[in-house]
Each structure stands twice: as structure tokens, then as C-alpha cells.
Amino acid sequence: MYLPEKASRARVREAENARRNRAEILKAWSQGQVSRRDLIKMGLFTTAGTLVLQNGLSPFAPSAYADDDSSSIPTGLPRSPLFGVQPFTQPMPRFDVLPRNAVSVLSPAPTAQANTTKQLLNAALEGVRPGDMGPIEGRPPGPIWAHQEFTKFAPKISIEATQEGAKGNTVYNPGVASGFNSGINAAASFLPRFHPSLPVQNALKLWTFNGTLPPKLMQVRYGEPVLFRHRNKLPFDVTQNGGFGRHTISIHEHNGHHGAENDGFTGAFFFPGQFYDYHYPIVLAGWRTINTAATDPRAGGPADSGGIYKVPGDWHETMSTHWFHDHMFSFTSQNVYKGMAGMFNIYSALDRGNEAIYDGVNLRLPSGTAKAWGNLEYDVNLMLADKAWDANGQLAMDIFDFDGFLGDQMTVNLVYKPSFEVERRKYRFRILNGAVARFFKISLSDGSPMIQIANDGNLLPSPVVVTQLDQQGIAERYDIVIDFSRYSVGQKVSMVNLLEHQDGTRPRRTVSLADALAGTSSDPCVGKFLEFRIVRNPATPDLSQVPATLIPNPDLSNVPVARQRTFVFDEDARQTTNDPVTSFRGPWGIGTSEDDALAADFGRVSAAPRAGTREIWTLVNEEDDWDHPIHIHFEEGQILARNGSASNVPAWERGRKDVYRLHPEGRVTITMQFRDFGGMFMEHCHNTTHEDNAMLLRWEIDDNGTPFVRPLPTPIPKPQGVTFEPPTQILKNAF
């Protein structure tokens, strides 16, 4: 993927020239100036949908400096320059906590149905003529896209954010004092750069929530519904994107249990100058039928008094660690890579975020004690992502690498290889794989144990002690506890990535810890990426614990299986529709039967389970060359078997999950329930390059009552307003 460190100057110049030439094509395509069909006609694209590997045009073409054709090897991308920066020479910033405000501060006030008040549109938007008017809210209008149960779960707090280009952060709130943030002065302006000695990022290259670093954190709790107002302040002109990314956006609260109108559906995107109100009821699954009187203290959220606010639903469905990111159709990878990603901590009666409360319900996981709930002193969010930048230090991406784009530099919380100061006590780390195509496998540099307590958004039935975490696919979250009391003040220990990639198709191999530390791997992202510095003894005793039982799985033995389905993830997908907005032709696809992969079309209904039912789905990887982390929206599932056997499911996958890693030629059988809310949802590969190149499908669920119909009409967003059309296709046996 990248040139060796000792590559000759001639090859580096060749690669840089090829990347510049390729970037011009990428830019034209990303801005809609040319189509794939145009590129095929120009001889720059193959009919299979890949850029021609031509020397001088592609850095992956055979080198012009090879001795002969038989020894020609791909040149590879030039390495990202570090401008003399050394690893572990900057502190790791904690996430920037978004303010929680009263709903009354929102203007205009939120409404159940989309706010269709008209405004004058900016003529720089594509398809807009001078004088055109359009709605202020980009949510599709009408009762089908109204907030479900908006009155029952009326918002109690509001959280606001914008999407805009990079700028300095003058209101950074890490949620902790500087002593728990490695001494960072939050009052100083936090500039948008990967290291203090690296260039400040251009406002067209880096697009983040509020336009600032560090990445953002939402803190929410059961029993307190949230109204998240998201304003699109990206450039009106689609060509002002720095060469990749799209200014239309749709925010997915990853695996939130709420209606599809708030799920960030890939086709429910909105435009610059608009806002979108997302209603997050923060409820336990099964609230309509289980513990309806809200009498079980294990089903609840933390009260300000330190007690429990009881809620209906199944306490076994309690969730903890989510994240939120852009889900724009065919541009998710580019927009997330540009910075549209944050994390979302959910606090509950069980996972209170206060380790001192001992009431027989609170698990007392590492967190802190200063507040009744949501303490962050010893509860740390980590977002891992590989990045690359060009010769000028500006963020760079190759959007035509359809196998999956890899960066050559590791970042944690969007800064290059930082250090983090810790006390001699237990810490909880919520680790998100926020990469495009890279998997991680984490160890500590001394090989000492870690305790895994969660996989994806959910605490495991029991903790698992490991010295190496399992491969972590894109979008997976692993919560772990590290006990630093075994170290002395002044010692250091690092997180190490052991997983080597050669390209974006799948991990190549796990290297030994010794080899990773020695730096012998050809993959520049193998090795140390986060250094912990043990700086002091804790001022107060460590009151946290890791109990032997966390959250047992829901008992589904009395829930009948209504149906079984198979989904096949494969390449060489065919497209059976031609809607110019909803369909997309790409090399990847998903079939609902063997050897029948279809390219993405968010107007096609591929599955429609009935409300109130349980189904068993089998996910199949047809090929031996690819590894696909599959995400199914809305409901957690339980893995029943890998490759047909329950014994193949490791302990750390025996809880509830929302991302399922499909190994080469692998099968995963899962069970899911469909309840509480309705609408259209998605299933896709979370190697977001695969997703954006057609490995995505739509499934939908009604709620057995108005306003829903079967099938649902497809939203078609335009600046002048969202219209609807019938589904482009309904697959046989979808219903």
C-alpha cells in the first residue's frame, strides 16, 4: 500500500507525481464533474469499476524504474511526511463533551413532523435556481417520518452541533480537570492539527462536528430522551470539498434503539443551510411488552440524587458505548475519514458512571465519584483511526481504492501517536475502531493482562481476561479495564497494534509482540500507538470493581422464530435498478440467496420482518480474499454459531452485538428481534469503502399500525424539499 521507508528518491518522486495526477481525477469524480461512465469512455476506468493501473496515473501501477517487466512491482503511495515529529511527544486529548441544555433553548422549537418552514436557498447548491425556496429542516416531511412516540418520550434535554470545516476550538470541554487530561489547558485554543508540529488542517480537508478537535462525546442516560439538532454548515458549493467528501450528510447514532427517522438512513441526507432534528428516546428494547410498569430497579437510568430512575423494558438489553457518524449514500467512508465521527456514552442503573455507589445494582466499573453519574476521570474514550496526509501535511484519501483505503499513520482521538498520563489504579477504556478499512489487534507492550468487559455497545455476560484482544473490525467497540496499580510511578507501558495489513481487503497476519516492538513489519501502523505514563498514586482509594457477572443475555427460549434468512456478501455485484438517486453500481454487493449479490439501491426492499417477531439470519462471506465487518442497524443480535457451530463463538462474542466480522469463507448465524419502532433501516459492510461501493441494502419493519404502510415510500432529498417515490424493487420473499 505504501512505499518502503528506504525507497529510492526516484520512486518517491514517481509515486508523488502519480498521486497528484490521480488526485485530479478523484477530485473531479467526488465533485460530480465526471461520472464513472465518463471515466470508462476516457479509458481511465475499467468496466469492473476500478481505476486503470497506468504508470504516471496510479501509484499502484508497476514502477517505471523496475529492471524489467517480470520484476515490476507496484510503486505504492508515498509515506505521509512527519516533518521531524517523533511519536509520543504530545498528550492525548480527552473527547470534547457536547453541552446538555434545556429543550427550550432550541429555536425554532422541535416538532414531531419535520419543520417545513421555507427559506431562500443559496444558489451555489446544485439544482438550485435564484429565488428557489426550500425547508429549513432536511428531515423528510409527513407522518411516516415523524418522530415516533414523540409525546410519550418527550425530549428532556437538547444537544446541538454543527458540521463545518476545520477551525480552532475555543470552548473545549474535556469533562475532567487538566490533571486527568495529561495537563492539557482546555482554556487555550485547540487547533485542528494532528500534532503541534504538524500543519494546521485546511477547512476543506477536515470536516468535523462543530469544525473542531478533539472529537465530540455525547453523554446520555436512560429515562432522559434527547433532541439532537444537527446543523449543516458545510460549503454550499459541492466542489469545495478539498478533493473528497460530500456536503450532504445523514448522522447515524450507531445502533440506537429508536425509529428509523432518527437512524441516519443513508438516503435521508440533508443539505448545507438546513438542520435535522434527531430524537433519541434512550429506551430499553422491549419497553412495550417487558417490565411495562417500570418496577425493576435494574432497568433504569442514574438519577441526579444518586438513585435510579426506573424505566420500562428489558434490563438485559442495557447498552453502554455507542458512536455517531455520517451515513451519506456512497460517501460514508470519505465523510467519516474527514472527521465526521464522535462517541456516545449511555449511562444506566447498571453502568452508572459512579464507582462509589453501592446499592446492589450499580456494577461500580471504573469511572470516578465527583458527580452522581457520568464521571470520566477513569472512564476514557479512545477512537483509533489510521490517516494519511500529502506532502503539505493535509489530510489525503484515495477514494478509488475500492478494496479499502489504509492510512500509514496511527491516530488516537485524531492526534498522531500521543501519550496519556494515568494513576496507579484501574481505568476503563472504551475503544472504537473508527478507521475506513483497517482492523486492529491490541496488546500491551509488556504482554500483561487486560480485562474485556464489553463488545460493541453492550457489556458482556462475564468479563474475559486476555493478553491480546481479538481482531477489532471497523465500527466495533471493545471496552477494557487496565489495572495500572501493578506499575510504579515513572514507568511507561504502551498499547500496541499487532495486526498487519498489506491492503484493505483483510488483515494479512498477526505479528508477534516482539516483532511489532522491533518495527520489522512492512505495515507502518503495526507497533506502539499510545503510550501510558504512570505519573502518580491516586489521591483517593480506587473504589471500582469488575464483577464476575455483568449483563446476562436476554432469554429468547420462549420467543418463537418466525423466519430464517440468508445474506451473501460478495464482489462482482449486479445492479437491477437504474434510479439516478437511489441506485449505485459498484464492485461489491449483498444477495439474499447464494451467488446473487446485488449492488446497493436504497430504494430496493430486500427484507421486511414483521413487527413483534424474532428471526434467524445467516451472514455468508463467499470469498476467501475478503474480511467484512457487517453492521445491522436498530437491534442487537446474539451470535448463535460461527461456521455452523456454537463452539466456534469465543467468550468475547457471546454477548449482544451490532457488528459481526465475516472472516474469509465464513458464516455467522445470529438471532434478532424486531420491536418497539418501525421504518426503513440498513445492513451493510462497515469497511466503509465496501459500503460506499454498493455493499449495502435496505430492510424495513412496520409497527402494525398507522402511519406505516408496506412497503414504505423512498425519500428523495432535494434542497427544495424531500419528495417520495415507490420502491424501485421489492425482492422476492422480502415480506
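Excluded from the calculations below are hydrogen atoms, water molecules and symmetry mates; all remaining heavy atoms, backbone and side chain alike, are included. Counting from 1, the numbers follow the sequence of the chain as shown.
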Salt-bridge test for Glu421 and Arg533: reply yes if a basic N is under 4.0 Å from a carboxylate O, no otherwise.
-> no
Pair Arg661 + Glu653, salt bridge at N-O below 4.0 Å = yes
Within the 6.0 Å centroid threshold, strictly below: Phe584 and Phe602 = no
For the pair His230 and Phe209, name the ring-plane relationship: parallel under 30°, tilted 30 to 60°, perpendicular over 60°.
-> tilted
Kindly state whether the ring of His252 and the ring of Phe324 have centres lying under 6.0 angstrom apart.
-> no
Between Phe532 and Phe429, is the gap from one ring center to the other below 6.0 Å?
-> yes
Residues two or more places apart in sequence or in another chain: which of them pass ring pair (Phe, Tyr, Trp, His ring centres under 6.0 Å) with Phe95?
-> none
Gln468 and Lys441 have their tightest heavy-atom pair at OE1-CE, 3.2 Å
Please determine which of His686, Lys657, His631 meets the side-chain contact (heavy atoms from CB on, under 4.5 Å) test together with Glu476.
-> Lys657
Would you please classify the geometry between the Tyr378 ring and the Tyr427 ring as parallel, tilted or perpendicular, with 30° and 60° separating the classes?
-> perpendicular
Can you check whether Trp588 and His628 have ring centres sitting under 6.0 Å from each other?
-> yes
side-chain contact (heavy atoms from CB on, under 4.5 Å) partner of His322, the single match among Asp456, Val220, Ile346, Leu432 | Ile346
Does a side-chain N-to-carboxylate-O contact under 4.0 Å join Arg428 and Asp479?
-> yes
Centroid-centroid distance, Phe344 to Tyr280, less than 6.0 Å | yes
Just how far is it from atom OG1 of Thr332 to atom NE2 of His325, taken to the nearest 0.5 Å?
-> 7.5 Å
Any residue meeting salt bridge (charged side-chain N to carboxylate O under 4.0 Å, His left out) with Arg430, in chain and number order, not counting sequence neighbours | Asp379
Contacts of Lys426 meeting salt bridge (charged side-chain N to carboxylate O under 4.0 Å, His left out) (sequence neighbours excluded), chain-then-number -> Asp542
Please test Tyr337 against Phe405 for ring-ring contact (aromatic ring centres under 6.0 Å, His included), starting from the C-alpha separation and ending with a verdict.
-> CA-CA 10 Å; Tyr337 183 80; Phe405 178 74; 5.5 Å; yes
